[in-house]
Chemist: 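Have a look at this one.
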Amino acid sequence: MDTHDQQTNAFRYGSTVANELESRWQSHWQAEHVFQIGNPGDEGFDANKPKFYCLDMFPYPSGAGLHVGHPVGYIGSDILSRFKRMNGFNVLHPMGWDAFGLPAEQYAIETGIHPAKTTQKAIDTFRAQLQKIGFSYDWSREFATIDPEYYKWTQWIWLKAYNAWFDQETQAAKPITELIAQLDEGTRECEGTPWNERTAIERAQYIDDHRLAYLGTQVVNWCPKLGTVLANEEVIDGLSERGNHPVVRRPLKQWMFRITAYADRLLSDLEGLDWPSSTLRMQREWIGRSEGADIFFDIEGSDQSLLVYSTRPDTIFGATFMVVAPEHELIQEVLANPTSECDIDAIGEYVNTAKNRSDVDRMADTKEKSGLFTGLYAINPATNERMPIWVADYVLMGYGHGAVMAVPAHDQRDFEFANAFGLPVREVVKSIDGCDDECFSGKGIAINSTSDAVSIDGQETDEARQTIIEWFEANAMGSSKTNYRLRDWLFSRQRYWGEPFPVVFDENGLHYPVSSDALPVELPKLTDYEPIESEDPLPLLAKAEDWLRTTAGEAGVDPSLLHPDTPVTREANTMPGWAGSCWYEIRFCSPHDNARFVDKEAEQYWMGDGVDLYIGGAEHAVLHLLYARFWHKILFDLGEVSSKEPFTKLFHQGLLTSYAFQRANKSLVPVHQVEERGDVFVDTETGEEVERVIAKMSKSLRNVVNPDDVIEEYGADTLRLYEMYMGPLEASAPWNTRDIVGVHRFLQRVWRLGIDEQTGELRSDLADESNDAVERALHATIAKVTEDIPNLSYNTAIASMIEFVNTATSESSITRDQLARFACLLSPFAPHIAEELHAKLGNDTSITFEAWPSFNEAMLTSDVIELPVQIMGKVRGKIEVPADASQEDIETLAVQDEHIASLIEGKTIRKIIVVPKQIVNIVAN
RNA sequence: GCCGGAGUGGCGGAAUUGGCAGACGCGCCGGAUUCAAAAUCCGGUUCCCGUUAAGGGAGUAUGGGUUCGAGUCCCAUCUCCGGUACCA
């Protein structure tokens, strides 16, 4: 660079100027605690001001650090937070770390470095990277889920659930002590053996079976490679979601959460949430409520009956056979007492294969139905016919009762099965709209559905269903039943890097809670994190022998429950990665409260009506959001929080994609090693032509862009603007380094508008009087930006600011006052440059608390407006009319326009449509 | 397979209730500045026909429809993305 130029442009807005002022303002914000917000009751906190709780889904800090995709949502929430502050809101905008989980532990296995160390390092990296982007977080509220002061309360909430039960009558959780008291007093009956005839152990058993957090034996997804069990949701196509390792099914005793008890409320409370409709639908489908009936079928020659669930009890006349799952208890009996009609060896083998079959294999041939006849027959109560009972793996043990009545004429799967094995098909529902598919599963009119016992012929499906259920109920053969796809939540993991459970076991295997004043139960130190591979899965914490075996007193069990000297074994499983994120939004209200999990007053103020905006990726649409809602509802029922839903408004930012390049053999070429030559992309090292694909940013695709690099080259304000300018916040868009310069030039023009590039000081030639065109443009921009920000329509807000700057630049006119108002508009988006302009304009307080500029409606319209004139819907000319012109005047002006007149000459005007301030359309031919 | 969402210039995208399609930015073209380059500034840029013009034609995935008027509404088809996967 030439020396001369360097002098003239010494204060031009570029990377040097941007980086200098950005780090200066970041230090200022931190030193002055600009974004620190108090709580009700704190000195200087005005609780009468409206509040805005703006929350980002906190990140899992990986060792690799941030890439430019991470901050997209954070920038979005930061803009709204800053906007709300300028509009007089108390804004809670915190950040923290979801820091327990598998990756750190995997890394520990490889390197032997303690996960706490690597995690802390990753957190420091993330924090430093985030701070360079200039977010307005209240860092004084920062915490990580691995902090013992935090997970102490995660354990405390678990204990709350452990010590609670779900009362079906009131549909709410209550302390388990109430259940015990009611049973003791006899105000509540218990199923089975009466309460007062039970032994102490039987009573404990009964109570344990009612806890919200309970120990259950479940067929679980055991992943030998990861050395842990996984929730259904963490298994995709028979492989672990993380790492793609094979998963096998085996029964195991595990801590569970009774989330199914809340199925109805989790479903109905979705109503009224301001969430993306796709996410609402996914949650509804995940819960999977269905209405139908439980029906008992007598088994021929047995006093037992077979229970099935059906959503179409009205098709019972069309049931021609029954199917049970390989795991069904009836199969055990068949194997023990086979009839002559079945092939006992084949069944044994089939059941065994099905059991050991991994889900991958099961998926592979979903089309082909397999199964065997069991030799048993059930009696159809409607027709009194014998129906063969088959065993087949298309019936799942985990849903309904693991048995179905097969209606091949009206269920696709039953139809395929019937076809494969030559079983009869009987049509019992006639489609109304004439659909005559061989298998019709829609609603229609019942036919062929009459017997001595009951008739539903001629009834429409809904009515038929009602009639048949009433008949079942009258004859004790069945009853209406609501079913859910949702299963209870498997909450134990066998890994090290998670929250320990605050519970111990005595020699008899009975469990006792650690009392809450003994929390947290801290993780013991381990030197070896290698998963324990064994036939019988063992938790990793079992390696910490000294920690594991202790006494009740040492562990902190209430002496009234267990004598302090009693030897006990600690629970060696840990909680899953989801645990910490189930309630962090609550903790942010009072993150350093040592007395309670959250300060009551602070919770009421910030979360009384939930989080006002929750921004995060759509990948959490089901699991995290469902789990967090579930925990929230438990806490709500127990009177610990004041809202029934945690997140009032939810928004998913789009995925930031990036170009990746691959050679003909599909191998990947690093982005920086590719050059665009004409229409093609070329590997600069080999000269080979490569293909460009759009993909998620990832290390493996070698297409990761680091925000630090972008900031170094253009500054944080440019990075923020570019990410918001790429398109709508909710849409995914490809990162294109080439485009960044556009918004950087915009900031350069903003800077030049107010700052002398030679001196770096405020221009001495700013206008004294406001230019009307500039003032009008400013009002239009204020109106647009003010409207767009609450809708998170940042791309169009930025476009409008660019337009203003282009106008002011071409008019070469801006006053101090106009510049000051524009700096306010810009400040949520590009806070550093805005602070600098604000300061240079002579202010000594942060722009953060400046009042948001207002606009004048009258400045948005002009006296004369231009109207396009169409003939037969095609624009043929334009006329200028006074803004208040009457319909008649406009019509006259339109037909008198020279060009228009020449075009309609000789034609008959049929009609003239005038849309005020929009358009004129002349219908003439 | 089923359920959602989306298809607009060379590219990212605008067009809030049907009313000038392509705002704004990138790229590209031309010019200014410069010894030169970068940077910056100014102008142009949907495509086709028209000598640069005036002007005209086509055009929002495809084919139909409703309407004075359709990117927007309706029907059918295609493509892409997301969710889900025997849930009885």
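Chain identifiers are assigned alphabetically (A, B, ...) following the order of the sequence lines, protein sequences preceding nucleic acid strands; residue numbering begins at 1 within each chain. Bear in mind that the values here come from a model prediction, so they are computed numbers and not experimental data. Note that these values count all heavy atoms, side chains included, but never hydrogens, waters or copies made by symmetry.
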Chemist: Tell me what A:Asn791 touches on the nucleic acid: a base, only sugar-phosphate, or nothing, going by heavy atoms under 4.0 Å.
Modeler: nothing
Chemist: At less than 4.0 Å, is any side-chain N or O atom of A:Arg876 found next to OP1 or OP2 of B:G55? Yes or no.
Modeler: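 Answer no for this pair, as no side-chain N or O of A:Arg876 is under 4.0 Å from OP1 or OP2.
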Chemist: If you look at every strand shown and take non-hydrogen atoms under 4.0 Å, does A:Arg752 touch a base, only sugar-phosphate, or nothing?
Modeler: sugar-phosphate
Chemist: Rounded to whole angstroms, how far apart are CD1 on A:Ile922 and P on B:G19?
Modeler: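 So the two atoms are 20 Å apart, to the nearest Å.
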Chemist: If the P atom of B:C48 is compared with that of B:A53, how far apart are they to the nearest Å?
Modeler: 13 Å
Chemist: Is A:Ile913 touching bases, backbone alone, or none of the nucleic acid, heavy atoms closer than 4.0 Å?
Modeler: base
Chemist: Going from OG1 on A:Thr718 to OH on A:Tyr725, what distance comes out if it is rounded to the nearest 0.5 angstrom?
Modeler: 13.5 Å
Chemist: Expressed in whole Å, how much space separates the C1' atoms belonging to B:C35 and B:C28?
Modeler: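 Nearest-Å result for B:C35 against B:C28 at atom C1': 27 Å.
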Chemist: Below the 4.0 Å mark, does B:G19 have OP1 or OP2 next to a side-chain nitrogen or oxygen of A:Asn921?
Modeler: no
Chemist: Would you mind classifying the nucleic acid contact of A:Asn806 as base, sugar-phosphate or nothing, using non-hydrogen atoms under 4.0 angstrom?
Modeler: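 If one applies the 4.0 Å heavy-atom cut-off, A:Asn806 turns out to touch the sugar-phosphate alone, with no base involved.
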Chemist: With heavy atoms under 4.0 Å as the rule, sort A:Val923 into base, sugar-phosphate or nothing.
Modeler: sugar-phosphate
Chemist: Can you tell me the pairing partner of B:U51 across any strand shown, Watson-Crick or G-U wobble, with both distances under 3.5 angstrom?
Modeler: none
Chemist: For B:G12, give the paired nucleotide (Watson-Crick: N1-N3 plus N6-O4 or O6-N4; G-U: N1-O2 and O6-N3; both under 3.5 Å), or none.
Modeler: B:C24
Chemist: In whole Å, I'd like the distance from the NZ atom of A:Lys696 to the P atom of B:G82.
Modeler: 10 Å
Chemist: Once hydrogens and angles are ignored, does a donor-acceptor distance under 3.5 Å link the base of B:C26 to the side chain of A:Asp739?
Modeler: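 Side chain to base: no pair present.
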Chemist: Could you measure between the two P atoms, the one in B:U79 and the one in B:G71, and give it in whole Å?
Modeler: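 Rounded to whole Å, the distance is 25 Å.
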Chemist: Roughly how far apart, to the nearest Å, are B:U8 and B:G22 at atom C1'?
Modeler: 8 Å
Chemist: Does B:A58 have a Watson-Crick or wobble mate here (both distances under 3.5 Å), and if so which one?
Modeler: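 B:U46 is the nucleotide pairing with B:A58.
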Chemist: Residues in salt bridge (charged side-chain N to carboxylate O under 4.0 Å, His left out) with A:Asp717, at least two apart?
Modeler: none
Chemist: Which base sits across from B:G7 as a Watson-Crick or G-U pair, both distances under 3.5 Å?
Modeler: B:C78
Chemist: Please give the distance between the P atoms of B:G13 and B:G7 as a whole number of Å.
Modeler: 10 Å
Chemist: For B:C41, which nucleotide in any strand shown is its Watson-Crick or wobble partner with both distances under 3.5 Å?
Modeler: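 In the structure as shown, B:C41 has B:G31 as its Watson-Crick or wobble partner.
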Chemist: A:Ser370 and A:Tyr350: side-chain donor and acceptor closer than 3.5 Å?
Modeler: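 Result is yes, a qualifying pair exists.
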Chemist: Think A:Gln748 has a side-chain N or O under 4.0 angstrom from the OP1 or OP2 of B:A39?
Modeler: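 Checking A:Gln748 against B:A39: no side-chain N or O falls below 4.0 Å of OP1 or OP2.
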Chemist: To the nearest angstrom, how far is A:Leu721 atom CG from B:C26 atom P?
Modeler: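 Rounding to the nearest Å, CG of A:Leu721 and P of B:C26 are 13 Å apart.
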Chemist: Looking at A:Tyr399, does any N or O in its side chain come under 4.0 Å of the phosphate oxygens OP1/OP2 on B:A88?
Modeler: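 A:Tyr399 to B:A88 OP1/OP2: side-chain N or O found under 4.0 Å.
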Chemist: Expressed as a whole number of angstroms, how long is the span from A:Ile798:CD1 to B:C24:C1'?
Modeler: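 In whole Å, B:C24 C1' lies 10 Å from A:Ile798 CD1.
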Chemist: What's the CE-P distance between A:Met282 and B:G4, to the nearest Å?
Modeler: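 Going from A:Met282 (CE) to B:G4 (P), I get 14 Å.
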Chemist: Would you say the side chain of A:Asp264 lies within less than 4.5 Å of the side chain of A:Arg289, judging by non-hydrogen atoms?
Modeler: yes
Chemist: Using the P atom as the reference point in each nucleotide, state the distance between B:G30 and B:A38 in Å, no decimals.
Modeler: 13 Å
Chemist: Does a side chain donor of either A:Tyr714 or A:Asn19 reach within less than 3.5 Å of an acceptor in the other side chain?
Modeler: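 Looking only at side-chain atoms, A:Asn19 and A:Tyr714 do not form any donor-acceptor pair under 3.5 Å.
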Chemist: Could you check how far CD of A:Glu787 sits from P of B:U17, rounded to whole Å?
Modeler: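 Interatomic distance, CD of A:Glu787 to P of B:U17: 12 Å.
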Chemist: Looking only at side-chain atoms of A:Val404, point me to the closest of B:G25, B:A88, B:C20.
Modeler: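 From the listed options, B:A88 comes nearest.
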Chemist: Under 4.0 Å between a side-chain N/O of A:Lys874 and OP1 or OP2 of B:A58, yes or no?
Modeler: yes
Chemist: Is B:G10 syn or is it anti, if syn means the base angle is within 90 degrees of 0?
Modeler: anti
Chemist: OP1 or OP2 of B:U40 less than 4.0 angstrom from a side-chain nitrogen or oxygen of A:Arg745, does that happen here?
Modeler: yes
Chemist: Begin with the C-alpha distance, continue with both residues' side-chain angles, and end with the deciding distance and a verdict on ring pair (Phe, Tyr, Trp, His ring centres under 6.0 Å) for A:Phe822 and A:Phe804.
Modeler: CA-CA 9 Å; A:Phe822 181 74; A:Phe804 169 74; 5.1 Å; yes
Chemist: Does A:Trp751 have A:Arg12 sitting over its ring (NZ/CZ under 6.0 Å from centre, angle to axis within 45°)?
Modeler: no
Chemist: When the distance from CD of A:Gln412 to P of B:C86 is rounded to whole Å, what number comes out?
Modeler: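 After rounding, the gap between these two atoms is 14 Å.
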Chemist: Any heavy-atom pair between the side chains of A:Arg876 and A:Val869 that's under 4.5 Å?
Modeler: no
Chemist: Provide the distance between the two P atoms, one in B:C20 and one in B:C29, to the nearest whole Å.
Modeler: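 B:C20 and B:C29 have their P atoms separated by 33 Å.
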Chemist: Have a look at A:Ser800 and say if it touches a base, only the backbone sugar-phosphate, or nothing, with a 4.0 Å heavy-atom cut-off.
Modeler: nothing
Chemist: Sort out the partner of B:G1 for me: Watson-Crick or G-U wobble, both distances under 3.5 Å, none otherwise.
Modeler: B:U84
Chemist: Tell me which nucleotide among B:A88, B:C26, B:G19 gets nearest to the side chain of A:Ile919.
Modeler: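 Of all the options, the side chain of A:Ile919 is nearest to B:G19.
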Chemist: Take the protein atom CE of A:Met872 and the nucleotide atom C1' of B:U67, then report the distance between them rounded to whole Å.
Modeler: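 Going from A:Met872 (CE) to B:U67 (C1'), I get 12 Å.
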Chemist: For a quick check of understanding: with a heavy-atom distance under 4.0 Å over all strands, which category does A:Arg749 fall into, base, sugar-phosphate or nothing?
Modeler: sugar-phosphate
Chemist: The side chain of A:Gln870 lies closest to which of these nucleotides: B:C20, B:G27, B:A14?
Modeler: B:C20
Chemist: Tell me whether the side-chain N/O atoms of A:Arg485 come closer than 4.0 Å to OP1 or OP2 in B:A88.
Modeler: no
Chemist: Would you please indicate if the ring centroids of A:Phe417 and A:Phe321 are separated by under 6.0 Å?
Modeler: yes
Chemist: For B:G71, which nucleotide is its Watson-Crick or G-U wobble mate, given both distances must be under 3.5 Å?
Modeler: none
Chemist: Rounded to whole angstrom, note down the C1' distance from B:G43 over to B:A76.
Modeler: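 These two C1' atoms come out 47 Å apart once rounded.
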Chemist: Of the nucleotides B:A88, B:C3, B:U16, which has the atom closest to the A:Ser290 side chain?
Modeler: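 Looking only at side-chain atoms, A:Ser290 lies closest to B:A88.
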